[in-house]
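In what follows, every chain begins at residue 1, and chains take the letters A, B, ... in the order their sequences are listed.
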Number of protein chains: 2
Amino acid sequence: MLKGHLDAIVLAALEAGPAHGYAIIEAIRQRSAGTFDLPEGTVYPALHRLEQASLLSSAWTTPPNGRRRRVYSITRAGSAALGERRKAWGRFSQAVDTALEGGRA
Amino acid sequence: MLKGHLDAIVLAALEAGPAHGYAIIEAIRQRSAGTFDLPEGTVYPALHRLEQASLLSSAWTTPPNGRRRRVYSITRAGSAALGERRKAWGRFSQAVDTALEGGRA
DNA sequence: TCACATACCTAGTTATGCTAGGTATGGAAG
DNA sequence: CTTCCATACCTAGCATAACTAGGTATGTGA
């Protein structure tokens with residue numbers, strides 16, 4: 001369970017440049033050092049959600065020798081949202097750290 | 001949204017000693033420096049869940065000059081589970097950190 | 001031609017946190 | 001003495017999110 005931070009992770013994966021669903025899954029696996037090996041049923045709905053929210057845009061591509069792919073790009077709003085999410089994650093993880101340690105930190 | 005880490009936070013709050021629901025809410029608020037100001041509708045069901053799972057035990061108390069209170073204590077299994085949760089949180093937060101930073105960390 | 005990897009999708013289940021109510025008592029204020 | 005507030009407990013039902021478990025289709029190599 002990714003506990004609500006999936007959106008930020010997907011946005012971050014697309015920050016480096018556009019990619020299609022399968023590649024995003026692979027990128028997340030590598031960027032998290034293997035910890036997040038996400039099933040398609042998790043990622044595809046998330047991509048649709050993010051596009052619905054205008055944080056991503058998508059376009060179908062059919063390269064001459066390849067399969068059809070839906071390539072996602074992060075939008076301006078998506079970059080802004082990612083910035084927010086990163087800050088929110090920082091605050092959240094800090095708070096959990098101190099709560100788990102007894103408030104001593 | 002506490003995103004699945006509520007149980008660990010509640011267990012950690014009870015590590016210092018038994019407490020009743022209202023006091024636990026207060027303790028969590030202080031231990032998280034005000035970040036987690038949890039509604040009762042979040043905490044009470046969580047306490048019941050944790051007792052159901054034998055990670056907590058409870059007893060009613062009626063102090064001579066006070067109201068009835070249900071005091072929760074962490075069990076042996078609860079302490080063990082808390083240890084696990086702390087480790088899981090460490091792994092999880094580390095993975096999110098690197099995923100958000102681009103895997104450079 | 002048969003299997004496998006790539007590539008996409010969705011319906012339905014489950015878990016969990018929260019909203020929005022409700023009950024009851026002790027103490028303070030008027 | 002009654003009215004209000006803080007304390008203290010509870011639950012039904014809602015919303016969201018991630019995952020399970022399917023399905024479709026195509027290119028590639030055996």
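The listed nucleotides are D:dC19, C:dC8, C:dG17; the one nearest the side chain of A:Glu40 is C:dC8. Comparing D:dC9, C:dC9, C:dC8 by their nearest atom to the side chain of B:Tyr22 picks out D:dC9. Listed candidates were D:dC9, D:dA18, C:dG17. Nearest to the side chain of B:Leu6 is C:dG17. For A:Pro39, the listed nucleotide lying nearest its side chain is D:dT20; candidates were D:dT20, D:dT11, D:dA17. In the set D:dC10, C:dA7, C:dC18, D:dC10 carries the atom at the smallest distance from any side-chain atom of B:Tyr44. Closest to the side chain of A:Trp60, out of D:dA18, D:dT7, C:dC9, is C:dC9.
Whole-Å rounding puts the A:His20 NE2 to C:dC9 P distance at 11 Å. The nearest whole Å value for the distance from the CG atom in A:Leu2 to the P atom in C:dG17 is 15 Å. Between the P atom of C:dT16 and the NZ atom of B:Lys3 lies a distance of 15 Å, rounded to the nearest Å. One atom, CG of B:Leu38, and another, C1' of C:dC18, lie 10 Å apart when rounded to the nearest Å. We find that CG of B:Leu47 is positioned 14 Å from P of D:dA8, with the value rounded to whole Å. Atom-to-atom, CZ of A:Arg67 to C1' of C:dC4 comes out at 10 Å; the value is rounded to the nearest Å. Summarising the geometry, the separation between CE on B:Met1 and C1' on C:dA15 is reported as 10 Å, rounded to the nearest angstrom. Note: CZ (B:Arg70) to C1' (C:dT23) measures 16 Å, nearest angstrom.
Phosphate proximity of C:dT10 to A:His48: present, with a side-chain N or O under 4.0 Å from OP1 or OP2. Not one side-chain nitrogen or oxygen of A:Arg68 sits closer than 4.0 Å to the OP1 or OP2 atom of C:dT6.
Residue contacts for B:Arg69: at a heavy-atom cut-off of 4.0 Å it reaches the sugar-phosphate backbone alone, with no base atom in range. Using a 4.0 Å heavy-atom distance criterion, A:Gly21 is classed as a sugar-phosphate-only contact.
In this structure, the separation between CG on A:Leu55 and CG on A:Leu11 is 6.0 Å, given to the nearest 0.5 Å.
Judged by a 6.0 Å distance limit and a 45° cone about the ring axis, B:Lys3 is positioned over the six-membered ring of A:Phe92.
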Trace of the side chain to side chain contact (heavy atoms under 4.5 Å, CB included) decision for B:Leu6 with B:Arg49: CA-CA 11 Å; B:Leu6 173 62; B:Arg49 241 191 351 252; 4.3 Å; yes
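The pair A:Glu15-A:Arg31 fails the salt-bridge criterion, with no side-chain N (NZ, NE, NH1 or NH2) lying under 4.0 Å from an Asp/Glu carboxylate O. In this structure, A:Glu51 pairs ionically with A:Arg70, as a charged nitrogen and a carboxylate oxygen lie closer than 4.0 Å.
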